[in-house]
Undergrad: 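The structure that follows is given in the form of structure tokens.
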Amino acid sequence: MNKLFEDFVCVALRQALASYGGHTELQARGIHLDQDEEVRIRPDFVWYADDGRPAAVADAKYKAEKPEGFPDADLYQMLAYCTALGLSDGHLVYAKGNASHAAHRIRNAGITIHQHALDLDQAPAALVAEIRAIAGRLAVGTPV
């Protein structure tokens with residue numbers, strides 16, 4: 001179910017961002033955390049501007065939020081993606097949560113990590129509309 005959710009979210013984001021230009025890469029390859037390119041990282045979704053530079057990053061998580069929140073490890077992973085790609089915002093998309101959106105500004109980094117929770121119990125059209133709204137957040141303020 002994990003892979004199915006991840007694929008659905010990433011393809012829906014790709015379709016929603018198509019009108020903004022640029023191009024997307026699913027399960028992005030060739031991205032490294034370190035200068036020596038020894039530590040590979042692989043975000044689920046990277047949207048690139050027309051000039052080839054990264055414009056947005058997202059990772060889909062088939063997890064439901066627990067009372068204490070989503071796992072911190074997801075935040076650390078997204079922080080690594082944002083740092084390596086030079087992005088000021090990263091997006092985690094979850095299968096279920098207590099709130100539809102939360103944002104965490106990372107201390108001393110100039111990075112904000114957004115957590116989005118989808119409602120999978122809604123009609124397909126409403127779910128796609130929810131993903132389009134997330135795509136709009138990815139695209140805001142991003143020149144392509």
Side-chain angles (χ1 to χ4, degrees), residues 1-65 69-97 99-144:
M1 204 58 161
N2 244 358
K3 182 74 172 125
L4 180 63
F5 176 75
E6 183 180 292
D7 289 348
F8 170 74
V9 168
C10 291
V11 169
L13 283 173
R14 171 188 274 170
Q15 291 173 345
L17 286 168
S19 64
Y20 291 94
H23 69 278
T24 59
E25 191 173 336
L26 309 184
Q27 288 293 314
R29 299 177 188 271
I31 301 172
H32 295 85
L33 183 60
D34 63 323
Q35 293 288 345
D36 294 331
E37 297 188 349
E38 294 176 1
V39 181
R40 246 183 261 130
I41 57 176
R42 203 163 173 193
D44 292 338
F45 181 90
V46 179
W47 178 42
Y48 293 91
D50 287 332
D51 64 7
R53 70 185 162 70
V57 63
D59 219 47
K61 305 288 186 187
Y62 188 70
K63 300 176 183 178
E65 186 174 11
F70 292 113
D72 290 345
D74 296 346
L75 295 169
Y76 305 147
Q77 181 183 30
M78 184 53 66
L79 177 59
Y81 294 162
C82 290
T83 301
L85 294 167
L87 295 171
S88 60
D89 290 271
H91 299 264
L92 293 163
V93 182
Y94 292 95
K96 186 171 179 134
S100 61
H101 178 258
H104 305 280
R105 290 183 323 172
I106 307 304
R107 186 181 306 229
N108 301 318
I111 294 171
T112 300
I113 299 174
H114 303 268
Q115 293 176 303
H116 308 275
L118 298 175
D119 177 5
L120 300 183
D121 291 331
Q122 61 188 322
L127 181 58
V128 170
E130 199 172 355
I131 293 173
R132 277 194 199 111
I134 293 170
R137 284 184 182 261
L138 268 72
V140 168
T142 308
V144 179

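One-based numbering along the sequence shown.
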Undergrad: Measure the spacing between CG of Leu118 and CZ of Phe8 and express it to the nearest 0.5 Å.
TA: 7.5 Å

Undergrad: What I'd like to find out is whether the side chain of Ile111 reaches to under 4.5 Å of the side chain of Leu87, using heavy atoms alone.
TA: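 Answer no - side chains too far apart.
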
Undergrad: May I ask you to test the Thr24-Leu13 pair for a side-chain heavy-atom distance under 4.5 Å?
TA: no

Undergrad: Kindly determine whether Tyr62 and Val9 satisfy side-chain contact (heavy atoms from CB on, under 4.5 Å), including the steps that lead there.
TA: CA-CA 10 Å; Tyr62 188 70; Val9 168; over 6 Å; no

Undergrad: Evaluate the criterion side-chain contact (heavy atoms from CB on, under 4.5 Å) for residue pair Gln27 and Asp44; output intermediate values, then yes/no.
TA: CA-CA 4 Å; Gln27 288 293 314; Asp44 292 338; 2.8 Å; yes

Undergrad: Would you indicate whether Arg42, at its atom CZ, is surrounded by more than 12 heavy atoms from other residues, nucleotides or ligands within a distance under 6.0 Å?
TA: yes

Undergrad: Taking all non-hydrogen atoms of both residues, which atom of Asp34 and which atom of Val39 are closest, and how far apart?
TA: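 In terms of heavy atoms, the two residues are closest at OD1-N, 2.8 Å.
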
Undergrad: Restricting to non-hydrogen atoms, name the atom on Gly21 and the atom on Asp50 that form the minimum distance, rounded to 0.1 Å.
TA: C-OD1, 3.9 Å

Undergrad: Parallel, tilted or perpendicular, judged at 30° and 60°: which one describes the rings of His116 and His101?
TA: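 Because their plane-to-plane angle lies in the 30° to 60° range, the rings of His116 and His101 count as tilted.
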
Undergrad: Are the side chains of Ile31 and Tyr81 in touch, meaning some heavy atoms are under 4.5 Å apart?
TA: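 The answer is no; the side chains never approach within 4.5 Å.
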
Undergrad: So does Cys10 get a backbone contact from the side chain of Glu6, meaning a donor-acceptor N/O pair under 3.5 Å?
TA: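 Not at all, since once roles are kept as given, no pair shorter than 3.5 Å links the two residues.
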
Undergrad: Under 4.5 Å between any side-chain heavy atoms of Asp89 and Val140, yes or no?
TA: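 No - every pair of side-chain heavy atoms lies 4.5 Å or more apart.
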
Undergrad: Over all heavy atoms of both residues, which pair between Ala84 and His32 is shortest? Give the atoms and the distance, please.
TA: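 Smallest interatomic distance, heavy atoms only, reads CB-O, 3.5 Å.
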
Undergrad: Find the distance between NE2 (His114) and CD1 (Ile134) and round it off to the nearest 0.5 Å.
TA: 11.5 Å

Undergrad: For the residue pair Leu26 and Phe45, establish whether any side-chain heavy-atom pair is separated by less than 4.5 Å.
TA: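 Answer yes - side chains close enough.
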
Undergrad: Are Asp74 and Lys63 close enough that some pair of their side-chain heavy atoms sits under 4.5 Å apart?
TA: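 Answer yes - side chains close enough.
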
Undergrad: Looking at Lys61 and Phe5, what are the two nearest heavy atoms and their distance?
TA: O-CE2, 3.4 Å

Undergrad: List the steps, then state whether side-chain contact (heavy atoms from CB on, under 4.5 Å) holds for Val57 with Met78.
TA: CA-CA 8 Å; Val57 63; Met78 184 53 66; 3.7 Å; yes

Undergrad: With a 4.5 Å heavy-atom cut-off, do Asp59 and His91 have their side chains touching?
TA: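 They are not in contact (no side-chain heavy atoms under 4.5 Å apart), so the answer is no.
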
Undergrad: Nearest 0.5 angstrom please: Arg132 CZ to Leu127 CG, how far?
TA: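 Reported to 0.5 Å precision, the distance equals 10.5 Å.
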
Undergrad: Please report the closest heavy-atom contact between Asp119 and Glu130, naming both atoms and the distance.
TA: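 Taking Asp119 first and Glu130 second, the nearest heavy atoms are N-OE1, 3.4 Å.
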
Undergrad: For the atom pair CD (Gln77) and CG (Asp72), what is the distance rounded to the nearest 0.5 Å?
TA: 13.0 Å

Undergrad: Could you check whether the rings of Tyr48 and His23 sit parallel, tilted or perpendicular, using 30° and 60° as the cut-offs?
TA: parallel

Undergrad: Closest heavy-atom contact between Ile113 and Leu75?
TA: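 Taking Ile113 first and Leu75 second, the nearest heavy atoms are CD1-O, 3.3 Å.
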
